[in-house]
Novice: 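This is the structure I want to talk about, given as structure tokens.
Quick note: numbers below take in every heavy atom, side chains included, and nothing from hydrogens, waters or symmetry partners.
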Amino acid sequence: MKEQISKIKEISIEEIKQTKDLKTLNDIRIKYLGKKGELTAVLRGMGSLAPEERPLIGSLVNEVRDELEKLIEEKEEKFKLEELNEKLKQETIDITLPSTKIKRGSIHPVNRIIEDIEDLFVSMGYDVVTGPELETDEYCFKRLNLPKGHPARDMQDSFYITEEYLLRTQTSSVQARTMMGNTEKTPIRMITTGKTYRREDDATHSHQFNQIEGLVIDKKERNVSLADLKGTLEVFVRKIIGANLDLRFRPSFFPFTEPSYEVDVTCFKCGGKGCNLCKQTGWIEVLGAGIVHPNVLKMNGYEPEQFGGFAFGTGIDRLAMFRYGITDMRYLYANDVRFLAQFDRKDEE
């Protein structure tokens, strides 16, 4: 039986060496090491041996089995490595070729303006405050010195949900909420940005648009004045729209400020010389501002004799139009990727 085992070992080793693929190698494994393999058959025939010979033959079979398994595993690893190398060779990517350009997203121009505005005012010590878009008549109008029947309400074609609730027509409602929420009646320095809604829709107006409102309230002895308002707005306009712009204040009317002003900036297209954009005036209106009306202070819990301040507001969409030279506000909401993808490049310019 020793001769039989030696012959099996010799033949199987030679067959393993001559194997060219994994399938043939697996067939050899089954032929010699499987349940019906030749080495298993030797073990099954050990019953005819003398008891003292059985351990020797069993040990010899196990040695041959271990050796064959080791050779088969080594050969198997070699085949797998060759297969992997061949696959990598076939799937090689030439990284020297120009890549396919991947389209990437771009931050919306309105969001760019909002981020810049908030960063600027936070650096000046302002808080950024938010408020609801579905607002009550009380905060949207009454607490801003616009009682029912006030003529100024006719200037805004509002979206009413019920007799009491409407989509806010201005972010000024957040100013009233901030004053009422400040139970300690401490000084306020805040801005708010967000969507507002009015029934209008043309090249320079939309039924939904974004606004920024700013509010500063402090004690009278701090002497918050029109000069502070003008200085704040100069920093704001020059940072957001253009560094070389001048401001012009024109008397106006707003129910929540007194005195009130329309604020113009020199036309960024012609530099104040006069063109079709500014209608030959050299100026473009950008925002409204003024000293907070005593009635607004009183209705929201501040004593006009002790506190004063200023407020301002403007449309963020218009600022985006000014900064990027957009001719029609409706482009901002069309979600045309070809249009929106321009603004990474424009900011770099």
Novice: In Å and rounded to the nearest 0.5 Å, what is the CD to CG distance from Glu15 to Leu71?
Specialist: 12.5 Å
Novice: Please give me the minimum heavy-atom distance between Cys140 and Ser173, naming the atom from each residue.
Specialist: CA-CB, 4.1 Å
Novice: Check the pair Ile113 / Phe322 against side-chain contact (heavy atoms from CB on, under 4.5 Å), numbers first and verdict last.
Specialist: CA-CA 11 Å; Ile113 297 288; Phe322 293 154; over 6 Å; no
Novice: Rounded to the nearest 0.5 Å, how far apart are CD1 of Ile16 and NZ of Lys75?
Specialist: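 The NZ atom of Lys75 is 9.0 Å from CD1 of Ile16, to the nearest 0.5 Å.
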Novice: Just wondering, more than 12 heavy atoms not from Gln208 lying within 6.0 Å of its CD?
Specialist: yes
Novice: For the residue pair Met299 and Met180, what are the closest heavy atoms and their distance?
Specialist: O-SD, 3.9 Å
Novice: Any side-chain heavy-atom pair from Asp264 and Thr281 closer than 4.5 angstrom?
Specialist: no
Novice: Check whether any side-chain heavy atom of Thr178 lies under 4.5 Å from a side-chain heavy atom of Val174, and answer yes or no.
Specialist: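 Yes, their side chains come closer than 4.5 Å.
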Novice: Do Ser158 and Phe141 touch side chain to side chain, with heavy atoms closer than 4.5 Å?
Specialist: yes
Novice: Less than 4.5 Å apart, any side-chain heavy atom of Thr257 and any of Ile291?
Specialist: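 Sidechains of Ile291 and Thr257: no contact.
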Novice: Between Thr314 and Val286, is there a donor-acceptor pair closer than 3.5 Å when you use the side chain of the first and the backbone of the second?
Specialist: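 Such a contact is found between Thr314 side chain and Val286 backbone.
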Novice: Between atom CD of Gln280 and atom SG of Cys267, what is the distance when rounded to the nearest 0.5 Å?
Specialist: 9.5 Å
Novice: Spell out, as yes or no, whether a donor-acceptor pair under 3.5 Å connects the side chain of Asp328 to the backbone of Arg330.
Specialist: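 A pair under 3.5 Å: yes.
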Novice: Does CG belonging to Asp66 count more than 12 external heavy atoms closer than 6.0 Å?
Specialist: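 For Asp66, atom CG is crowded (more than 12 foreign heavy atoms under 6.0 Å).
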Novice: Leu68 and Ile28: same hydrophobic cluster, using ILVMFWY side-chain contacts below 4.5 Å?
Specialist: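 In one cluster: yes.
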Novice: Testing the basics here: between Arg168 and Lys195, what is the closest heavy-atom pair and its distance to 0.1 Å?
Specialist: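 Heavy atoms only, the tightest pair is NE-O, 2.7 Å.
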Novice: Evaluate the side-chain proximity of Asp119 to Val122: yes if any heavy-atom separation is below 4.5 Å, no if none is.
Specialist: no
Novice: When hydrophobic residues are tied together by side-chain contacts of less than 4.5 Å, even through go-betweens, does Leu233 share a cluster with Phe310?
Specialist: yes
Novice: Please assess Asn26 against Arg29 for the test side-chain contact (heavy atoms from CB on, under 4.5 Å), listing each intermediate value before the final yes or no.
Specialist: CA-CA 5 Å; Asn26 191 53; Arg29 186 200 303 272; 3.7 Å; yes
Novice: Donor-acceptor check, side chain of Gln211 to backbone of Thr171, threshold 3.5 angstrom: yes or no?
Specialist: yes
Novice: Does atom NZ (Lys185) have a neighbourhood of more than 12 heavy atoms from anything else shown, all under 6.0 Å?
Specialist: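 Atom NZ in Lys185 is packed in, count exceeds 12.
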Novice: With a 4.5 Å limit on heavy-atom distance, are the side chains of Met179 and Phe307 in contact?
Specialist: no
Novice: Write down the atom of Thr186, the atom of Tyr302, and the distance for their closest heavy-atom approach.
Specialist: O-OH, 2.9 Å
Novice: Rounded to the nearest 0.5 Å, what separates atom CD in Glu164 from atom OG1 in Thr136?
Specialist: 5.5 Å
Novice: Could you tell me whether the side chain of Arg238 and the main chain of Leu245 form a donor-acceptor pair under 3.5 Å?
Specialist: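 Indeed, once roles are kept as given, a pair shorter than 3.5 Å links the two residues.
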Novice: Hydrophobic clustering (ILVMFWY, side-chain heavy atoms < 4.5 Å, transitive) - are Leu81 and Leu25 grouped together?
Specialist: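 Unlinked, Leu25 and Leu81 end up in two clusters.
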Novice: Is Val296 close to Gln175 at the side-chain level, that is, under 4.5 Å between some pair of heavy atoms?
Specialist: no
Novice: Enter the distance from Tyr197:OH to Glu135:CD here, rounded to the nearest 0.5 Å.
Specialist: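 The CD atom of Glu135 is 12.5 Å from OH of Tyr197, to the nearest 0.5 Å.
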Novice: Tell me whether Arg222 is salt-bridged to Asp228, with the criterion being a basic N under 4.0 Å from an acidic carboxylate O.
Specialist: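 Salt bridge absent between Arg222 and Asp228.
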Novice: Counting only heavy atoms not in Glu138, do more than 12 fall under 6.0 Å of its CD?
Specialist: yes
Novice: Taking all atoms of both residues into account, what is the closest heavy-atom pair of Lys23 and Asp21, and its distance?
Specialist: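 The answer is N-OD1, 3.1 Å.
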Novice: For Pro187 and Asp218, work out which heavy atoms get closest and say how close.
Specialist: CG-OD1, 3.3 Å
Novice: Is there a donor-acceptor pair closer than 3.5 Å between any side-chain N or O of Thr162 and the backbone N or O of Tyr165?
Specialist: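 Looks like yes, one N/O pair under 3.5 Å.
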Novice: Between Thr196 (side chain) and Phe209 (backbone), is there a donor-acceptor pair under 3.5 Å?
Specialist: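 Yes; at least one donor-acceptor contact below 3.5 Å.
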Novice: Check whether Val129 and Leu134 end up in the same hydrophobic cluster, where Ile, Leu, Val, Met, Phe, Trp and Tyr are linked by side-chain heavy atoms less than 4.5 Å apart.
Specialist: no
Novice: Going through the checks in order, is the side-chain hydrogen bond (donor to acceptor under 3.5 Å, both in side chains) test met by Ser172 and Glu213?
Specialist: CA-CA 6 Å; Ser172 305; Glu213 297 271 349; 2.9 Å; yes
Novice: So, do Pro251 and Phe253 sit near enough that their side-chain heavy atoms are less than 4.5 Å apart?
Specialist: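 Answer no - side chains too far apart.
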Novice: Counting only N and O atoms by type, is there a donor-acceptor contact under 3.5 Å from the side chain of Asp317 to the main-chain atoms of Asn210?
Specialist: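 Here the side-chain-to-backbone pair exists.
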Novice: Under a 3.5 Å distance rule, please check whether Lys220 uses its side chain to pair with a backbone N or O of Pro304 as donor and acceptor.
Specialist: yes
Novice: Is the backbone N or O of Glu262 less than 3.5 Å from a side-chain atom of Arg250, with the two atoms forming a donor-acceptor pair by type?
Specialist: no
Novice: Could you give the distance from CE (Met124) to CD1 (Ile191), rounded to the nearest 0.5 Å?
Specialist: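 Here the rounded value is 9.5 Å.
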Novice: How far apart are the C-alpha atoms of Leu332 and His108, what are their side-chain angles, what is the distance that settles it, and do they pass the side-chain contact (heavy atoms from CB on, under 4.5 Å) test?
Specialist: CA-CA 8 Å; Leu332 294 172; His108 195 281; 4.2 Å; yes
Novice: In this structure, is the centre-to-centre distance between the rings of Phe339 and Tyr331 below 6.0 Å?
Specialist: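 Between Tyr331 and Phe339, the centre distance is under 6.0 Å.
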Novice: Would the number of heavy atoms belonging to other residues, nucleotides or ligands and lying under 6.0 Å from CD of Glu163 be above 12?
Specialist: no
Novice: Among Phe121, Tyr126, Tyr261, Phe254, which one satisfies ring-ring contact (aromatic ring centres under 6.0 Å, His included) with Phe312?
Specialist: Phe121
Novice: Do Ile117 and Leu229 sit in one hydrophobic cluster, given that two such residues count as connected whenever their side-chain heavy atoms are within less than 4.5 Å of each other, even indirectly?
Specialist: yes
Novice: Hey, mind stepping through Leu22 and Glu83 against side-chain contact (heavy atoms from CB on, under 4.5 Å) and telling me if it holds?
Specialist: CA-CA 10 Å; Leu22 281 170; Glu83 184 180 352; 4.0 Å; yes
Novice: I'd like to know if the side chain of Ser252 and the backbone of Ser260 have a donor-acceptor N/O pair within less than 3.5 Å.
Specialist: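 Between the backbone of Ser260 and the side chain of Ser252 there is no qualifying donor-acceptor contact (under 3.5 Å).
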